[in-house]
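Below is one structure; the comments refer to it alone.
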Amino acid sequence: MICGEESKMRGAEGRRLCEEFSPAYYGLCTVGGMLSAGATHLAITPLDVLKVNMQVNPIKYNRMGSGFSILWREQGPYSLWRGWSGKLFGYGIQGGCRFGLYEYFKKLYSDVLINQNRSTIFFLSSASAQVFADIALCPFEAVKVRVQTQPRFAKGLVDGFPKLYSTEGLAGLYKGLLPLWGRNLPFAMIMFTTFEHSVDLVYHKVIHKRKEDCSIVQQLGVTCLAGYAAGAVGTVVSNPADNIVSSLYNKKANSVMQAVRNIGFANLFTRSLPIRITLVGPVITLQWFFYDTIKVLSGLPSSGGLTRRLEEANLSA
């Protein structure tokens, strides 16, 4: 039995495109993150257009059904795909940084912080990765939000970037970086940590098997369950900052505090929350699914867990 398992593992390793934790491995994770995040964000562009308009003009766009009807009637069907290039390229680049750097920092911190518990490693790794991911995303987000809510501003990234830079300079491209960090840092920390613990919970409490003993289909099924839980929990935590970002980009407020006063503290948590859960839950699930599919087809294990060294330290603690 043991010989059979070892043979199976050697066979899987023989099909690997690269070794874990090598430069090629981090490159593959980055490309996987770019493809999964870019494709999924592009697919839900109409919902994102409605979400941003609900945040900026909640009286006019107060429900999902009527909101779509208003956009279609007043601005035409193309309006639902406004900002698609920002979604594809901006969130593709962000996804590449988020997933690729998360893998890098998780290995780094797990080797350095031997006596720390797993949640600390997950929090630090996801936060470190998200800082760089949002720096890459911020200019794309600045143009995207204006394109989606100001029909006469620009058609997309090609004419939106130079127009925004000429009128507001570099500060205009990075005006929302702090609120973006305020939204995405808590989201990433909660999302990755929830995903990691959900994976561990399913394997140990539901399937009662080690990941290495499960089929590819089972591993990807666990990825989807953990991905949905991670997306839903992260959305609730990040919703206030998401509303502030939309308000700042559309000049509804000049500062974070003014945006909070204008929106109202309670509305920060509830405004656009249903549509964000509708958006983010499936999107994060699909991202993890596509990302892990790329990994397992490359002969690598699916996501979840730390380096063996830290896993042993946690088990003995």
Side-chain angles (χ1 to χ4, degrees), residues 34-95 98 137 140-151 153 155-157 160 176 179-180 183-184 187-188 191 224 227-247 249-250 252 263 267-291:
M34 290 180 66
L35 293 175
S36 62
T40 51
H41 277 281
L42 174 65
I44 51 88
T45 297
L47 284 169
D48 186 63
V49 172
L50 177 60
K51 181 212 74 171
V52 172
N53 279 279
M54 289 176 73
Q55 292 174 329
V56 173
N57 194 346
I59 297 176
K60 183 175 183 179
Y61 302 99
N62 56 5
R63 293 195 306 275
M64 290 179 62
S66 61
F68 277 123
S69 297
I70 293 171
L71 285 169
W72 186 289
R73 184 174 63 252
E74 295 185 355
Q75 301 179 30
Y78 173 76
S79 65
L80 298 177
W81 290 96
R82 198 172 279 129
W84 68 267
S85 56
K87 296 287 286 180
L88 175 62
F89 296 107
Y91 282 90
I93 292 173
Q94 186 210 39
R98 173 188 279 176
L137 168 67
F140 294 91
E141 184 77 355
V143 175
K144 177 192 76 74
V145 172
R146 284 173 172 81
V147 168
Q148 289 178 335
T149 58
Q150 301 170 24
F153 175 77
K155 293 182 179 180
L157 293 179
L180 204 59
R183 176 186 75 184
N184 290 343
F187 175 84
M191 188 271 285
C224 289
Y228 190 84
V233 174
T235 299
V236 175
V237 174
S238 64
N239 200 60
D242 190 63
N243 280 299
I244 292 172
V245 168
S246 295
S247 181
Y249 278 143
N250 283 279
K252 298 290 184 178
I263 298 171
N267 289 334
L268 286 174
F269 293 89
T270 58
R271 181 178 293 178
S272 74
L273 182 60
I275 192 171
R276 283 200 73 224
I277 291 178
T278 302
L279 271 169
V280 178
V283 165
I284 295 299
T285 304
L286 288 173
Q287 281 184 19
W288 278 110
F289 174 74
F290 291 151
Y291 177 68

* To do: Working to the nearest 0.5 Å, report the span between OH of Tyr78 and CG of Leu71.
  => 13.5 Å
* Looking at side-chain heavy atoms only, is the closest gap between Val147 and Phe153 below 4.5 Å? -> yes
* Nearest heavy atoms of Ser238 and Arg183, plus distance in Å -> CB-O, 3.1 Å
* Can you check side-chain contact (heavy atoms from CB on, under 4.5 Å) on Lys87 and Lys144, steps first, answer last? -> CA-CA 7 Å; Lys87 296 287 286 180; Lys144 177 192 76 74; 3.5 Å; yes
* Between atom NE2 of His41 and atom CG of Leu47, what is the distance when rounded to the nearest 0.5 Å? -> 12.5 Å
* To do: Establish, from distance only, whether the side-chain atoms of Glu141 and Tyr91 form a donor-acceptor pair under 3.5 Å.
  => yes
* **Minimum heavy-atom distance between Thr285 and Gly227, given as atom pair plus value** => OG1-C, 3.7 Å
* If you measure from OG on Ser66 to CZ on Arg73, what distance do you get to the nearest 0.5 Å? -> 9.0 Å
* **Exercise: identify the closest heavy-atom pair between Tyr228 and Pro282** => CE1-N, 4.0 Å
* Asked: Does the pair Arg82 and Thr149 meet the rule for a side-chain contact (heavy atoms from CB on, under 4.5 Å), with working shown?
  -> CA-CA 9 Å; Arg82 198 172 279 129; Thr149 58; over 6 Å; no
* Asked: Given the rule in the side-chain contact (heavy atoms from CB on, under 4.5 Å) test, do Leu80 and Phe68 qualify, once you have shown the distances and angles that lead to the verdict?
  -> CA-CA 8 Å; Leu80 298 177; Phe68 277 123; 3.7 Å; yes
* Determine the minimum heavy-atom distance between Ile263 and Asn267, stating which atoms define it. => O-ND2, 2.9 Å
* To do: Indicate yes or no for a side-chain donor-acceptor contact from Asn239 to the backbone of Arg271 under 3.5 Å, with no hydrogens or angles considered.
  => yes
* If you look at every heavy atom in Ser79 and Gly76, which pair is closest and at what distance? -> OG-O, 2.6 Å
* Taking atom CZ of Phe140 and atom CG of Leu88, what is their separation to the nearest 0.5 Å? -> 10.0 Å
* Begin from the C-alpha positions of Asn53 and Ile70 and carry the test side-chain contact (heavy atoms from CB on, under 4.5 Å) through to its verdict. => CA-CA 11 Å; Asn53 279 279; Ile70 293 171; over 6 Å; no
* Minimum heavy-atom distance between Pro274 and Thr270, given as atom pair plus value -> CD-O, 3.9 Å
* Asked: What distance do Phe269 atom CZ and Asn243 atom CG have between them, rounded to the nearest 0.5 Å?
  -> 10.0 Å
* **Sequence-distant partners of Lys51, salt bridge (charged side-chain N to carboxylate O under 4.0 Å, His left out), two or more places apart** => Asp48, Asp242
* Keeping the roles fixed (side chain from Thr40, backbone from Ser36), state whether a donor-acceptor pair exists under 3.5 Å. => yes
* To do: Can you measure from CD (Gln55) to CD (Gln148) and round to the nearest 0.5 angstrom?
  => 10.0 Å
* Structure fact -> Lys60 meets the salt bridge (charged side-chain N to carboxylate O under 4.0 Å, His left out) criterion, sequence neighbours left out, with Glu74
